[in-house]
Amino acid sequence: ADQLSDGDATNGEADVVVLLVHEGAVDTTVAGATDPTTRFGKIVNGADANIDVIVSGHTHLAYNHVINGRPVISSGQYGEKFSNMTIQVDPDTKQILSMNNVVNNMFTGAVANYADDATVSPIVASAVANARVLGGVQLGTVTADFNRARQTSGAENRGAESTLGNFVADVQLWSANQDGFAQIAFMNPGGLRANIALGTDSGIVTYAEAAGVQPFANTLVTLDLTGAQVKKVLEQQW
């Protein structure tokens with residue numbers, strides 16, 4: 001942020017510096033966003049003075065704050081809201097004149113507040129139809145369920161061992177070991193977003209079902225660790 005604001009055009013300059021961070025407030029209050037005991041509070045309180053806006057997420061909450069003159073915003077989750085920030089900058093002095101953020105609700109309950117766009121809808125429908133075809137390709141079969149960990153209430157437990165987590169780690173180890181050097185693999189339980197169920201289709205596992213387990217751009221990374229580092233990784237989980 002300092003480099004982008006130091007007046008030296010040779011190292012890149014920016015009229016507005018926006019911090020986009022995959023971290024978020026613990027609740028929707030200003031106090032929650034600035035709580036110094038939280039990761040996000042440390043970010044908000046410690047952000048460089050040359051950062052003009054903080055756009056956040058991760059905690060799936062919607063908030064629209066101005067903290068020490070700086071907008072700190074999040075638009076909730078799953079497209080339920082849309083934030084529109086208008087920033088006016090003096091073209092000569094490059095000074096920010098105003099910043100205004102408006103959060104629009106896309107839905108009232110389950111009812112959409114805006115009609116489908118006639119141009120976009122056919123594109124989405126075509127993509128969904130194509131995804132059903134590609135997602136229906138069979139990858140293999142299972143003879144029993146591979147489940148995520150569960151709490152006693154039945155809710156998902158993202159902090160525990162599971163048959164699915166062990167299976168994914170085994171698959172990662174197999175894939176990373178194609179050159180014969182990998183010895184151990186780790187899987188973050190929070191990255192498991194769906195079970196692989198035996199179901200009523202003789203245990204067929206489709207591409208869509210497998211992708212649903214890890215629906216993000218999960219890049220398989222290999223690196224060298226000492227035994228002490230492996231122990232530290234495991235101890236940090238507790």
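Remember, predicted model here, so these are calculated numbers, not experimental data.
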Minimum heavy-atom separation for Leu61 to Ala25, with atom names? CD1-O, 3.5 Å

Quick one: do Asp6 and Glu13 satisfy side chain to side chain contact (heavy atoms under 4.5 Å, CB included)? Show the steps, please. CA-CA 7 Å; Asp6 64 2; Glu13 290 297 289; 2.8 Å; yes

Under the 3.5 angstrom rule, does the side chain of Thr141 hit a backbone N or O of Gly203 as a donor-acceptor pair? no

Test item: Asn195 side-chain N/O and Ala197 main-chain N/O as donor-acceptor pair under 3.5 Å: no

Dump the intermediate steps for side chain to side chain contact (heavy atoms under 4.5 Å, CB included) on Arg70 and Asn68, then the final yes or no. CA-CA 6 Å; Arg70 177 164 49 200; Asn68 295 326; 5.6 Å; no

Mark yes or no for whether Glu156, through its side chain, and Arg150, through its backbone, hold a donor-acceptor pair below 3.5 Å. no

Look up atom CZ in Arg39 and atom NE2 in His58, then write down how far apart they are to the nearest 0.5 Å. 7.5 Å

Going through the distances and angles, do Phe146 and Asn166 end up as a side chain to side chain contact (heavy atoms under 4.5 Å, CB included)? CA-CA 9 Å; Phe146 281 97; Asn166 289 334; over 6 Å; no

Quickly, which of Val213, Leu164, Asn157, Ile196 forms a side chain to side chain contact (heavy atoms under 4.5 Å, CB included) with Arg148? Name it, please. Leu164

Is it the case that more than 12 heavy atoms not belonging to Gln236 sit under 6.0 Å from its CD atom? yes

Between Val26 and the options Thr59, Thr38, Thr37, the side chain to side chain contact (heavy atoms under 4.5 Å, CB included) test singles out Thr38

Any sub-3.5 Å donor-acceptor pair from Asn177's side-chain atoms to Leu173's backbone N or O? no

Close side-chain approach of Asp48 and Asp2, heavy atoms under 4.5 Å: yes

Does Met106 share a hydrophobic cluster with Met85, counting links as ILVMFWY side-chain heavy atoms below 4.5 Å and allowing steps through other members? no

Taking all heavy atoms of Glu80 and all of Gly76, pick out the closest pair and write down the distance. OE2-CA, 3.7 Å

In terms of heavy-atom contacts, Gly136 and Thr206 come closest through O-CG2, 3.8 Å

Rounded to the nearest 0.5 Å, the CD atom of Glu209 sits from the CG atom of Asp201 at a distance of 6.0 Å

Expected output: side-chain Asp52 to main-chain Val18 donor-acceptor under 3.5 Å: no

Spacing of Glu235 atom CD and Lys232 atom NZ [to the nearest 0.5 Å]: 11.5 Å

I'd like to know whether OH of Tyr207 has more than 12 heavy-atom contacts from other residues, nucleotides or ligands below 6.0 angstrom. no

The single option from Leu97, Asn100, Val53 passing side chain to side chain contact (heavy atoms under 4.5 Å, CB included) against Ile87: Val53

Going from OG1 on Thr34 to CD1 on Ile43, what distance comes out if it is rounded to the nearest 0.5 angstrom? 13.0 Å

When rounded to the nearest 0.5 angstrom, what is the spacing between CD in Gln172 and CD1 in Ile184? 12.0 Å

Any link between Val102 and Ile73 through a network of hydrophobic side chains (Ile, Leu, Val, Met, Phe, Trp, Tyr) touching at under 4.5 Å? no

Between Ser175 and Leu220, does the side chain to side chain contact (heavy atoms under 4.5 Å, CB included) criterion hold? Intermediate values first, please. CA-CA 9 Å; Ser175 180; Leu220 187 60; 3.7 Å; yes

Between Val66, Asn84, Asn64, Val72, which is the residue that forms a side chain to side chain contact (heavy atoms under 4.5 Å, CB included) with Asn101? Asn64

Has the side chain of Asp117 got a donor or acceptor atom that lies under 3.5 Å from a matching backbone atom of Ser121? no

Test of understanding: clusters of I, L, V, M, F, W, Y form through side-chain heavy atoms closer than 4.5 Å, transitively. Do Val21 and Tyr63 belong to the same one? yes

Same hydrophobic cluster for Val30 and Met99, using side-chain heavy-atom links shorter than 4.5 Å among ILVMFWY? no

Heavy-atom side-chain contact between Arg158 and Gln151 under 4.5 Å: no

On a heavy-atom basis, which atom in Ser75 and which in Ser83 lie closest, and how many Å separate them? OG-OG, 2.5 Å

With a 4.5 Å heavy-atom cut-off, do Phe186 and Leu234 have their side chains touching? yes

Start with the C-alpha gap between Thr108 and Asn113, add the side-chain angles, then the distance that decides, and say whether side-chain hydrogen bond (donor to acceptor under 3.5 Å, both in side chains) holds. CA-CA 7 Å; Thr108 300; Asn113 293 334; 2.8 Å; yes

Classify the angle between the aromatic ring planes of His60 and Tyr78 as parallel (below 30°), tilted (30 to 60°) or perpendicular (above 60°). perpendicular

Just verifying a value: how many Å separate Asp179 CG and Thr222 OG1, rounded to the nearest 0.5 Å? 7.0 Å

Can you tell me if CD on Glu161 sees more than 12 non-hydrogen neighbours from other groups inside 6.0 Å? no

So does Lys94 get a backbone contact from the side chain of Asp15, meaning a donor-acceptor N/O pair under 3.5 Å? no

Can you give me the closest heavy-atom contact between Gly32 and Asp27, atom names plus distance? CA-OD1, 3.3 Å

Cluster link Leu198 to Ile204, ILVMFWY, side chain under 4.5 Å: no

Which pair of non-hydrogen atoms, one from Ala149 and one from Ala160, has the smallest distance, and what is that distance? CB-CB, 3.6 Å

